[in-house]
Amino acid sequence: MTICMSALRSFPKLWNSSPYLGRGPRHSYTALFLTNCIWKPQRWFSLKTVSPQNAKARDLLTAKARCLRKAEERAHKHTPFESSHLFAAGAAKKRSQMNPQSKDRAPPPAKNTFQLPTRPLNSEEWDKLKEDFKGKASFEHWISSQMAHCHSSIDVAKSLLAWVAARNNGIVGYDILVKYLYLCVFHQQTSEVIDVYEIMKTRYKTLESGAYSLLIRGLRPSDRWREAFLLLEDMKKVMVPSKKNYDDCIQGALLHQDATTAWNLFEELLAHDVSPMLETLKAFFDFGRDRKDGHYSKKLLDLLLYLRNNQLYPGESFAHSIKAWFESVPGKRWKGQFTAVQKSGQCSACGTGLESIHLSADEYEFLKEKIMKDVIDGGDQYKKTTPQELKRFESFVKSCPPFDIVIDGLNVAKMFPRARESQVLLDVVSQLTKQNMQLLVLGRKHMLTQRSRWRKDEMEKIQKQASCFFADDISEDDPFLLYATLHSGNHCKFITKDLLRDHKACLADAKTQRLFFKWQRGHQLAIISRFPGSKITFQRILSYDTIVQTTGDSWHIPYDEDLVERSSYEVPTKWLCLHQQT
Ligand SMILES: [Zn+2]
């Protein structure tokens, strides 16, 4: 064992004849290994023993997972909304939990059972272990992968390396070395990281991104942290470094009190069009605490505006960092509180009214034009509808007065599976007509012919109370819904259970997507419940926008709670209120 330990420091000499040497990044499959395995360890083999009974249960779960997507889609189509807001953080998860079929998520399948060594082994013991190994892969590669995955101790890994080196004339393959590096970084063994770094520098002209990333992270806490920037430069020759690479370099610079370098790297990251990790932004706030530096403060406020412009929300601990920084600014007397916003749009803590959800006239026109172009025409009208039908619809809409509410008839009618479709739709239409609303019901031609689910008398009543447009049965409803709503003007709302995510994705740029999402939150009506007879309850549309905002002497910052899972189309419900005390 003593040989094993001391051998590591003379690796460069030992590995002079490695067949991997001098190869460029594209030739190594370690990159693949790192991408697929280390960063997503759940894809690995599980080492736990699985009883036949468990295996059966697992197979069942796997089958369930396969249906998960479909089940969720079904849940969206057939389960009524519950009381939490359509776009509130966690609402989608609650909705999906209401459907028992999507409750269980399957664990990754376990394919192998093998006992990993928990102490350093000598050569004979490694030989024995290799003999016992039944897998098809190379034992050395397989075991080093497993050890990386299970975070084996450095000593055990070292004994493996020494055994491999002894069997191969002192040669240890590149990928085994990288897995060892991974363990050194994971266990924060900085001096070992530097040893491997020295070996790699001597042995290879270039590395692949996985090794670069590990070295950059491993060097971060060391005296040689500046060398991480050289590695970043090397990476840039072949690719754009990841947000994590930048995060490591920036945090390294801040750790060593070099704020200028940290900001320069941050600018560079933005220039590459990479969106930074929220951890990176948090690090700037943590570093800025108790600092009397107006220039630095200004940059932090710019970071908050960056969050605003990109509709990003800090996590809980980041929100705490922001609060702590504000309260630490000398002489400004900021006071922060974690709070909620009242239905009226007023902050519960300070009473300030939050920004309205309504789009300005300019924003509205901009969005309308984009949607007409990108979603409805989309360069490929035939996918969604035929040009003839679209023309027929356009002239129909133009012949009607502006609508107040556009209803996705098919979608609304199917909201309550136990009720007859035409009855549900009639209930909705009648209730809204009583409120003097100009309605448009979008439907399909088959709604006029299927007598059992779509009763003729009820359909006639609907047509008397609302304008109706029945599209071909093969057409997609959503483009019609969007067109009619936007054409009617900023006041017009729409009812569908569909979350229109596909259309958001069709939109060309982030700005338009944000405006679309804001418009959707301000204009989409959701039905919460229906009582037989007619009484239908709509969910209230929030009057305020959930976005980072400031009035100069106040900041309101929505944030994500750690324990609430929020989908991309939901917004947080918790706020950080910051107010300057006078
Ligand atoms: Zn407030």
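Sequential numbering from 1 along the given sequence is applied to the chain's residues. Indexing begins at 1, ligand by ligand and atom by atom, following the structure's order.
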Passes salt bridge (Lys or Arg N to Asp or Glu O under 4.0 Å), Asp408 versus Lys497? Steps please.
CA-CA 8 Å; Asp408 180 345; Lys497 224 188 124 174; over 6 Å; no
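- Protein N, O or S atom count below 2.8 Å of the Zn ion (ligand 1): the structure gives 4.
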Can you give me every donor-acceptor pair (side chain of residues 268-281, partner residue at least two apart or in another chain, under 3.5 Å) with its distance?
| from | atom 1 | to | atom 2 | distance (Å) |
| --- | --- | --- | --- | --- |
| Glu268 | OE1 | Lys236 | NZ | 3.4 |
| Glu268 | OE2 | Lys236 | NZ | 2.6 |
| Glu268 | OE2 | Tyr246 | OH | 2.6 |
| His272 | NE2 | Tyr246 | OH | 3.3 |
| Thr280 | OG1 | Asp247 | OD1 | 2.6 |
| Thr280 | OG1 | Met277 | O | 3.4 |

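- Every salt bridge (charged side-chain N to carboxylate O under 4.0 Å, His left out) that Lys282 has, sequence neighbours left out, goes to Asp286.
- Applying ring pair (Phe, Tyr, Trp, His ring centres under 6.0 Å) to Phe494 and the options Phe403, Trp519, Tyr483 leaves one that passes, Trp519.
- Partners of Lys368 according to the salt bridge (charged side-chain N to carboxylate O under 4.0 Å, His left out) rule, which considers only residues two or more places apart in sequence or in another chain, do not exist here.
- For the pair Leu578/Ile557, a side-chain contact is recorded, criterion being any heavy-atom separation below 4.5 Å from C-beta on.
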